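Notes follow the structure.
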Amino acid sequence: MSTVSAPVKQRTPIRPARILLHTFLVVTALAWLAPLLWALLAAMRPYGETSEKGYVSWPDKLSLDNFTNAFTQSDMLHYFGNTLLIAVPAVLLTLLLSSMVAFYVSRFDFRLNLALLLVFTAGNLLPQQVIITPLYRLYLLIDLPGITMSGKLYDSALGLVLIHVAFQSGFCAFVLSNYMRSLPHELTEAALVDGASVWRLYWQIVLPLCKPAMAALATLLSIWIYNDFFWAIVLISTGENMPITSALNNLSGQYFTDPNLVAAGALLTAIPTLIVYFVLQRQFVSGLTLGANKG
């Protein structure tokens, strides 16, 4: 009676280049995680211990007291609400306006097609610090009585929403226009033959096909606008109107600042962006290559 032995699979040898690649990836990951882990360690240690032994020392006691104190002392829940009041309208308006521009320049051929797209994209090439002085004076001159608490565009959530929409629309229009160009023109041509209006063509045919691109851009915009510090610190003067990134200043005293408390507050403010990223991780990763195939 003969037996048939199963073929033995030969393991592919591990190449030195693969070992170097994985070593590089591990070292890079640790280098990126090191500041975060250091901040987490500092946030869980009392200030008295670090002032006595230094931050480069083994901790004797770890607790969540700094996180609790940072959340209560800075009134973080109020400033989270301010941030939502700015980020949500800014993201929705940016996606709406940029998708309209992208639809027009990608589905219709006219002489100024490319020039119109370049006008929107060129806004991203201008550094924010260059226009801050004229923009600051303009915000002080625009009166909005009864619309904002301050009566002006300055020191209002509306002012931050508008500046975010203005600066982010160019990038979104560029990405969405490239994505819409990859859609078959037969879809829109057939709808036009059937008598569909331009608005119906945009809202019911093209826009639903752009959901992956819109989701990816929504993830990016949410993170960018939430983490904004420059415009918030310049265009907002009242402490109660500031978003969460600027409100961390409340943890700094006039004569003394607890670095451990500030580290705990900074880690708490990073939680919403991490939640957004992990929930929309697939769309975020796919959004890195949107519009890369066709332009």
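Every value quoted in this text rests on a predicted model; they were computed, and no experiment measured them.
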The ring pair (Phe, Tyr, Trp, His ring centres under 6.0 Å) partners of Trp203 (sequence neighbours excluded) come to Trp199
Which residues pass the salt bridge (charged side-chain N to carboxylate O under 4.0 Å, His left out) test with Asp143, sequence neighbours left out? Lys152
Evaluate the side-chain proximity of Val234 to Phe229: yes if any heavy-atom separation is below 4.5 Å, no if none is. no
For Tyr226, is the OH atom crowded, meaning more than 12 foreign heavy atoms sit under 6.0 Å from it? yes
Is there any side-chain hydrogen bond (donor to acceptor under 3.5 Å, both in side chains) pair reaching into residues 23-36, and which pairs are they, with sequence neighbours excluded? none
Are the side chains of Met214 and Leu207 in touch, meaning some heavy atoms are under 4.5 Å apart? yes
Would you give the length of the straight line joining atom CD1 of Ile223 to atom CG of Leu274, rounded to the nearest 0.5 angstrom? 8.5 Å
With a 4.5 Å heavy-atom cut-off, do Pro59 and Leu62 have their side chains touching? yes
With sequence neighbours left out, the residues meeting ring pair (Phe, Tyr, Trp, His ring centres under 6.0 Å) with Tyr136 are Tyr154
Asp155 (side chain) donor-acceptor with Thr238 (main chain) under 3.5 angstrom: yes
Value rounded to 0.5 Å, distance of CG in Leu144 from CD1 in Ile142: 7.0 Å
So do Trp38 and Val56 actually touch side chain to side chain, heavy atoms under 4.5 Å? yes
Taking everything shown except Glu240 itself, do over 12 heavy atoms lie less than 6.0 Å from its CD? no
Stepwise side chain to side chain contact (heavy atoms under 4.5 Å, CB included) check, Gln73 with Leu261: CA-CA 10 Å; Gln73 291 183 22; Leu261 190 66; 3.5 Å; yes
Heavy-atom pair with the smallest gap, counting every atom of Ser106 and Ser177: CB-O, 3.7 Å
Any donor-acceptor N/O pair, Arg107 side chain to Met180 backbone, under 3.5 Å: yes
So do the side chains of Leu209 and Tyr179 get within less than 4.5 Å of each other, counting heavy atoms only? no
Enumerate, atom names and distances included, each donor-acceptor pair closer than 3.5 Å involving a side-chain atom of residues 93-101, sequence neighbours excluded.
{"from": "Thr94", "atom 1": "OG1", "to": "Ala90", "atom 2": "O", "distance (Å)": "2.6"}
{"from": "Ser98", "atom 1": "OG", "to": "Thr94", "atom 2": "O", "distance (Å)": "2.5"}
{"from": "Ser98", "atom 1": "OG", "to": "Leu95", "atom 2": "O", "distance (Å)": "3.4"}
{"from": "Ser99", "atom 1": "OG", "to": "Leu95", "atom 2": "O", "distance (Å)": "2.8"}
{"from": "Ser99", "atom 1": "OG", "to": "Leu96", "atom 2": "O", "distance (Å)": "2.7"}
{"from": "Ser99", "atom 1": "OG", "to": "Tyr202", "atom 2": "OH", "distance (Å)": "2.7"}

Are Met242 and Asn82 close enough, and set up right, to give a side chain to side chain contact (heavy atoms under 4.5 Å, CB included), and what steps lead you there? CA-CA 7 Å; Met242 288 185 174; Asn82 289 349; 5.6 Å; no
ILVMFWY network linking Ile271 to Leu36, side-chain heavy atoms under 4.5 angstrom: yes
Counting C-beta onward and ignoring hydrogens, is there a side-chain heavy-atom pair between Leu268 and Met76 closer than 4.5 Å? yes
Mind checking who shares a hydrophobic cluster with Leu25, ILVMFWY linked at side-chain heavy-atom distances under 4.5 Å? Leu21, Phe24
Exercise: identify the closest heavy-atom pair between Ala213 and Leu176: CB-CD2, 3.8 Å
For Leu221 versus Cys172, what's the shortest heavy-atom pair and its separation? CD1-SG, 3.7 Å
If you look only at pairs with a residue in residues 60-100, which of them pass as a ring-ring contact (aromatic ring centres under 6.0 Å, His included), with sequence neighbours excluded? none
Tyr104: ring pair (Phe, Tyr, Trp, His ring centres under 6.0 Å) partners, not counting sequence neighbours: Phe108, Phe110
Any donor-acceptor pair under 3.5 Å from Thr83 side chain to Ile244 backbone: yes
Identify whether Leu64 and Leu267 are in the same connected component of the hydrophobic contact network (ILVMFWY, side-chain heavy atoms under 4.5 Å). yes
Other cluster members, Val26 - Ile/Leu/Val/Met/Phe/Trp/Tyr, side-chain contacts below 4.5 Å: Leu30
Around Gln129, counting heavy atoms of other residues, nucleotides and ligands shown, do more than 12 lie under 6.0 Å from its CD? yes
Worked verdict on Ile131 versus Phe167 for side chain to side chain contact (heavy atoms under 4.5 Å, CB included): CA-CA 12 Å; Ile131 65 170; Phe167 262 88; 3.5 Å; yes
Scan for salt bridge (charged side-chain N to carboxylate O under 4.0 Å, His left out) pairs involving residues 226-235, sequence neighbours excluded, and state none if there are none. none
With the side chain counted from C-beta on, respond yes when Thr269 and Thr245 share a heavy-atom pair under 4.5 Å apart, and no when they do not. no
Do Leu183 and Cys210 make a side-chain contact, defined as non-hydrogen atoms from C-beta onward lying under 4.5 Å apart? yes
Would you say Trp231 and Leu85 are hydrophobically clustered, going by side-chain heavy atoms of ILVMFWY under 4.5 Å? no
With hydrophobic residues grouped by side-chain heavy-atom distances under 4.5 Å, do Leu77 and Ile275 end up in a single group? yes
Hey, could you give me the CD1/CZ distance between Ile132 and Arg137, rounded to the nearest 0.5 Å? 12.5 Å
Ignoring hydrogens, what is the shortest heavy-atom contact between Ser222 and Val276? Give both atom names and the distance. CB-CG1, 4.2 Å
What's the spacing between Gln204 CD and Arg200 CZ if we round to 0.5 Å? 5.0 Å
Where Ser156 and Leu153 come nearest, the two heavy atoms and their spacing: OG-O, 2.6 Å
Taking ILVMFWY side chains as joined if any heavy atoms are under 4.5 angstrom apart, and letting links pass through other members, which residues group with Leu92? Leu84, Val88
Within the 6.0 Å centroid threshold, strictly below: Phe171 and Trp224: yes
Which value, rounded to the nearest 0.5 Å, describes the distance between Leu158 atom CG and Leu162 atom CG? 4.5 Å
Heavy-atom closest pair, residues Ala191 and Leu201: CB-CD1, 3.5 Å
Using residues 40-51 as the side-chain source, report each donor-acceptor pair under 3.5 Å to any protein atom, sequence neighbours left out, with the distance given to one decimal.
{"from": "Arg45", "atom 1": "NE", "to": "Glu49", "atom 2": "OE2", "distance (Å)": "3.0"}
{"from": "Arg45", "atom 1": "NH1", "to": "Ser57", "atom 2": "O", "distance (Å)": "3.3"}
{"from": "Arg45", "atom 1": "NH1", "to": "Ser57", "atom 2": "OG", "distance (Å)": "3.4"}
{"from": "Arg45", "atom 1": "NH2", "to": "Glu49", "atom 2": "OE2", "distance (Å)": "2.8"}
{"from": "Arg45", "atom 1": "NH2", "to": "Ser57", "atom 2": "OG", "distance (Å)": "3.0"}
{"from": "Glu49", "atom 1": "OE1", "to": "Lys61", "atom 2": "N", "distance (Å)": "3.4"}
{"from": "Glu49", "atom 1": "OE2", "to": "Asp60", "atom 2": "N", "distance (Å)": "2.9"}
{"from": "Thr50", "atom 1": "OG1", "to": "Tyr47", "atom 2": "O", "distance (Å)": "2.9"}
{"from": "Ser51", "atom 1": "OG", "to": "Tyr47", "atom 2": "O", "distance (Å)": "3.1"}
{"from": "Ser51", "atom 1": "OG", "to": "Gly48", "atom 2": "O", "distance (Å)": "2.9"}

What's the spacing between Leu118 CG and Phe174 CZ if we round to 0.5 Å? 9.5 Å
